[in-house]
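Just below is one structure, and these are the notes that go with it.
If you're wondering where the values come from, they're calculated on a predicted model, not measured in any experiment.
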Amino acid sequence: MIFGKVAMGLLGTAVVGAAMVSSEGFVNVRVHEKQPGGHNIHVIAPALLIPLSMRFAPQHSLDEATVQMKPWLPTIRAAMAGLRECADADFVEITGPDQHVRVSKSGGAIVVDVDDEGETVHVSVPVRAMENAVEDLAERAPVESAQAADSGAEIQ
């Protein structure tokens, strides 16, 4: 009887943990090198790792990006909201003699597919994860650096 309760508790914890990890969706990256002996790489990772890994990035590494992003934040947020709400569609498609590139939205994710003579690359990132990453970056903007950038002053 007690073993059953412990097993149910562990199973419930595992289910809740799996639901949390997959709540943001998954980032999917596939790379296939076409030459003989080329590598095939396929990584599927929870998108929850994007904002989590940004927490471990050194602040000084993100300072310039966050300051440059700040004036564009309303535009970025509007674009993300539009991406979230729009139907699946191809946004950009470029076809050349030796390559094909397509950027699209499919199933709530932005998908980039590149096929050229050397390799085939597929990257899929959920829009929701991209939105959360942008918001996390916005929160990390240094206050004094952002004020200095607005006033045109330079920080030493």
Side-chain angles (χ1 to χ4, degrees), residues 8-143 145-146 149-150:
M8 287 301 288
L10 290 174
L11 179 63
T13 302
V15 167
V16 169
M20 246 179 89
V21 167
S22 64
S23 67
E24 295 282 320
F26 292 89
V27 175
N28 184 357
V29 178
R30 279 191 318 253
V31 178
H32 169 69
E33 294 178 337
K34 294 180 179 177
Q35 69 265 17
H39 294 90
N40 287 312
I41 301 167
H42 190 188
V43 177
I44 298 175
L48 183 66
L49 292 178
I50 296 170
L52 184 62
S53 62
M54 286 173 40
R55 299 280 180 205
F56 294 101
Q59 181 63 40
H60 65 84
S61 298
L62 299 175
D63 283 349
E64 184 178 347
T66 56
V67 168
Q68 289 178 0
M69 182 181 80
K70 187 175 181 177
W72 295 100
L73 205 49
T75 305
I76 294 169
R77 285 181 175 139
M80 290 294 172
L83 281 173
R84 187 175 359 97
E85 299 301 321
C86 78
D88 291 356
D90 289 342
F91 298 128
V92 176
E93 187 161 11
I94 302 168
T95 303
D98 296 329
Q99 67 180 1
H100 181 245
V101 178
R102 183 174 60 209
V103 179
S104 60
K105 180 185 178 206
S106 176
I110 297 300
V111 179
V112 178
D113 287 309
V114 179
D115 187 13
D116 66 21
E117 59 188 32
E119 61 192 4
T120 301
V121 178
H122 169 87
V123 178
S124 173
V125 180
V127 173
R128 183 173 173 182
M130 292 169 45
E131 285 180 293
N132 290 339
V134 166
E135 293 306 324
D136 284 352
L137 276 174
E139 289 173 9
R140 293 189 69 171
V143 176
S145 295
D150 290 343

Q. So, do Leu48 and Asn132 sit near enough that their side-chain heavy atoms are less than 4.5 Å apart?
A. no
Q. Given side chains that start at C-beta, do those of Leu73 and Arg77 come closer than 4.5 Å, heavy atoms only?
A. yes
**Q.** Short N-O contact, Asp113 and Arg30, less than 4.0 angstrom
**A.** no
Q | Interatomic distance, Ile76 atom CD1 to Glu135 atom CD [nearest 0.5 angstrom] | A | 9.5 Å
Q) Do His100 and Glu93 come within less than 4.5 Å of each other through their side chains, counting heavy atoms only? A) yes
Q) Roughly how far, to the nearest 0.5 Å, is CG of Asp115 from OG1 of Thr120? A) 4.0 Å
Q) So, for Pro71 and Val67, which heavy atoms are closest and what is the spacing to 0.1 Å? A) CD-O, 3.4 Å
Q.
Using side-chain heavy atoms (C-beta onward) and a distance below 4.5 Å, is Val27 in contact with Val125?
A. yes
Q) What is the distance from atom CD1 of Ile50 to atom CE of Met130, rounded to the nearest 0.5 Å? A) 9.0 Å
Q | Results of salt bridge (charged side-chain N to carboxylate O under 4.0 Å, His left out) for Glu119 - residues two or more places apart only | A | none
Q: Can you see which heavy atom on Val134 is nearest to which on Met69, and at what distance?
A: O-CE, 3.7 Å
Q) Side-chain contact, heavy-atom cut-off 4.5 Å: His39 with Val31? A) no
Q: Please step through side chain to side chain contact (heavy atoms under 4.5 Å, CB included) for the pair Asp116 and Asp98, ending with a clear verdict.
A: CA-CA 6 Å; Asp116 66 21; Asp98 296 329; 5.7 Å; no
Q | His122 NE2 to His42 NE2 distance, which is reported to the nearest 0.5 Å | A | 7.0 Å
Q) Taking all non-hydrogen atoms of both residues, which atom of Leu137 and which atom of Thr66 are closest, and how far apart? A) O-CG2, 3.1 Å
**Q.** Residue pair Ser106 / Val111: nearest heavy atoms and the distance that separates them
**A.** CB-CG2, 4.0 Å
Q.
With heavy-atom distances below 4.5 Å as the criterion, would you say the side chains of Leu83 and Phe91 are in contact?
A. yes
Q | Closest heavy-atom pair and its distance - Glu117, Lys34 | A | O-CD, 3.7 Å
Q) Considering all heavy atoms of both residues, which atom of Ser124 and which atom of Ala109 are nearest to each other, and what is their separation? A) OG-CB, 3.5 Å
